[in-house]
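Notes for the one structure printed next.
Letters A, B, ... are given to chains in the order of the sequence lines, protein chains preceding strands, and every chain is numbered from 1.
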Amino acid sequence: MKASSYPLFTQKNDPSDAEIISHKLMLKAGLIRQQSTGQYSFLPIGYRVLKKIENIIRDEMDSIGSAEILMPSVQPSELWQESGRWGTYGLELLRLNDRHDRKYCLGPTFEEVITDLVRKDLNSYKQLPLNMYQISTKFRDEIRPRFGIMRAREFIMKDAYSFHINEKCLDNWYQNYKDAYNNIFKRLQLDYTMVDADSGNIGGSKSNEFHVLAEAGEDDLLIDEKGIGTNFEIAKAKYGSNDIEKIVNENNLIHKKGIEVGHIFKLGDKYSKSMGLSIADADLNVNHLQMGCYGIGVSRIVAAAIEQNYDEKGIIWPKSISPFQFALIEIDGHKNESVRSFSNEIYQTMKRNSVEIILDDRNAKLGNKLHDWELMGVPNIAIIGKKEAQNNIVTFKKRSGSEKESLSADQLISKLDTD
RNA sequence: CGGGGUGUAGCGCAGCUUGGUAGCGCGGCUGGUUUGGGACCAGUAGGUCGUAGGUUCGAAUCCUAUCACCCCGACCA
């Protein structure tokens, strides 16, 4: 990519409508723009980050054998009537009518749709277990959306669903997803923790949440000396108190704030029973299928990652999800042919070596360019001016540090690889 | 839904108390001078002051209604 022809929307002024750091930086660095309350467009830089996260998730889902699908976001009310949630889900479910006055909702979650899908196509227990996921837009009509994409009405979520002949198989797969989630959050290079949680509106017997630890988090987590955590929501019942300070002191717990970025559920037969999804097993016993569902707030992770990785200059992306790995800044390339050609040479070399590079060939001053890339959080930055072009070197600096060093093209490549 | 706040140029804001027909910084564009961490000078474009109604000779300013957005709470996950 070359910055001169790539849409960048950084702003110099702090946005006025943002409170928490991730929201401010996402607006300022030009990752998102608000469309209306709780609804945002992703601009090119923001969307690149989002896709990085999606692809890590895809990779880990694929590796445990969960297959990607895509379901319609407008869902017929009949399915929700069957599951019983048309009446119980509440105002968070955005309902709408089509031209024939048939009732629909915008999907906040997809248990009904996928259960319907599977019951129509499942013929034999031998096809089980089934594991499928999608990455798609979800809509929840939150009473009060806030903090940018952290609590949006419209957001990107990965939701996986599993179907099993018995509980033992569900247990095994629940563990598979748990392992995959740990891999995902490790690869995202985020400081996170898993806790026991309340399964709420989704239902089921057992659920665990994955939280990115950050002060801006809306959840209170209680963690014991063994590192086992509980969401305060269910800790209230467990310890018989609403006083979080008291619970923490009496039970020797640590209190941390978390951003819920993942939630996995053992649903059991809640949906298979209400929606009639059953099959005969090898002994000809007909059972309702055991189900699990496994969500990750993909767009929320973008914000959560920023809450954990920033400084006074802007975002500092973990390498795994940075929009670019490397920003190469040329100084006055439009006026200096040797600078331009050397920059292009380095740019092509990097591309040949599969480095995700953006060449900043804009007609702007060095300071402006540096401020932009530091704001956007790209981990590696290098500069090429007259001096560098003459000596076949680049001046390299990491986003996270302040020292600069002179490197040859070869040295630069190994520097980036070992970052 | 209750409480608080904000809507004025692309972004950030002043002006409103005390009505007289809109301004500042940043950004944009043009020209020139600059050029290694957000340059300088000159010029220039850009706003039915959220919307509707009312009061008035006259409304960004006063009154009423309404809409949007932000924050706290309730709620939800």
Please confirm whether any donor atom in the side chain of [X] sits under 3.5 Å from an acceptor in the base of [N], or the reverse.
{"X": "A:E330", "N": "B:rG36", "result": "no"}
{"X": "A:R140", "N": "B:rC76", "result": "no"}
{"X": "A:N13", "N": "B:rC11", "result": "yes"}
{"X": "A:E388", "N": "B:rG36", "result": "yes"}
{"X": "A:K335", "N": "B:rU34", "result": "yes"}

- Query: Counting only Watson-Crick or G-U wobble pairs whose two distances fall under 3.5 Å, which nucleotide matches B:rG38?
  - Reply: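 For B:rG38, the partner nucleotide comes out as none, under the 3.5 Å rule.
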
- Task: Find the partner of B:rG2: check Watson-Crick (N1-N3 plus N6-O4 or O6-N4) and G-U wobble (N1-O2, O6-N3) distances, both under 3.5 Å, and reply none if neither fits.
- Result: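 B:rC72 is the nucleotide pairing with B:rG2.
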
What contact category does [X] fall into here, base, sugar-phosphate, or nothing, at under 4.0 angstrom with non-hydrogen atoms?
{"X": "A:I383", "answer": "base"}
{"X": "A:D219", "answer": "base"}
{"X": "A:K404", "answer": "base"}

Interatomic distance where [atom1] belongs to [X] and [atom2] belongs to [N] [whole Å]:
{"X": "A:L93", "N": "B:rA77", "atom1": "CG", "atom2": "P", "value": "12 Å"}
{"X": "A:N336", "N": "B:rG36", "atom1": "CG", "atom2": "P", "value": "14 Å"}
{"X": "A:N363", "N": "B:rA39", "atom1": "CG", "atom2": "P", "value": "13 Å"}
{"X": "A:N208", "N": "B:rA77", "atom1": "CG", "atom2": "P", "value": "17 Å"}
{"X": "A:Q11", "N": "B:rG12", "atom1": "CD", "atom2": "P", "value": "7 Å"}
{"X": "A:Q39", "N": "B:rC70", "atom1": "CD", "atom2": "P", "value": "11 Å"}
{"X": "A:L8", "N": "B:rG28", "atom1": "CG", "atom2": "P", "value": "14 Å"}
{"X": "A:E218", "N": "B:rA74", "atom1": "CD", "atom2": "C1'", "value": "14 Å"}

Could you tell me whether the phosphate oxygens of [N], OP1 or OP2, come under 4.0 Å of any side-chain nitrogen or oxygen in [X]?
{"X": "A:K365", "N": "B:rU35", "answer": "no"}
{"X": "A:R144", "N": "B:rC76", "answer": "no"}
{"X": "A:T37", "N": "B:rC70", "answer": "yes"}
{"X": "A:Q34", "N": "B:rC70", "answer": "yes"}

- pair A:Y174-A:K266: side-chain heavy atoms closer than 4.5 Å: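 Yes; the side chains approach each other to less than 4.5 Å.
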
- Message: Within the structure provided, determine whether A:T349 and A:I413 are in side-chain contact (heavy-atom separation under 4.5 Å).
- Response: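 Heavy-atom side-chain distance check passes, below 4.5 Å.
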
- Query: Taking 4.0 angstrom as the limit, do A:E60 and A:R187 come out as a salt bridge?
  - Reply: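 Judged by the 4.0 Å cut-off on N to carboxylate O distance, A:E60 and A:R187 do form a salt bridge.
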
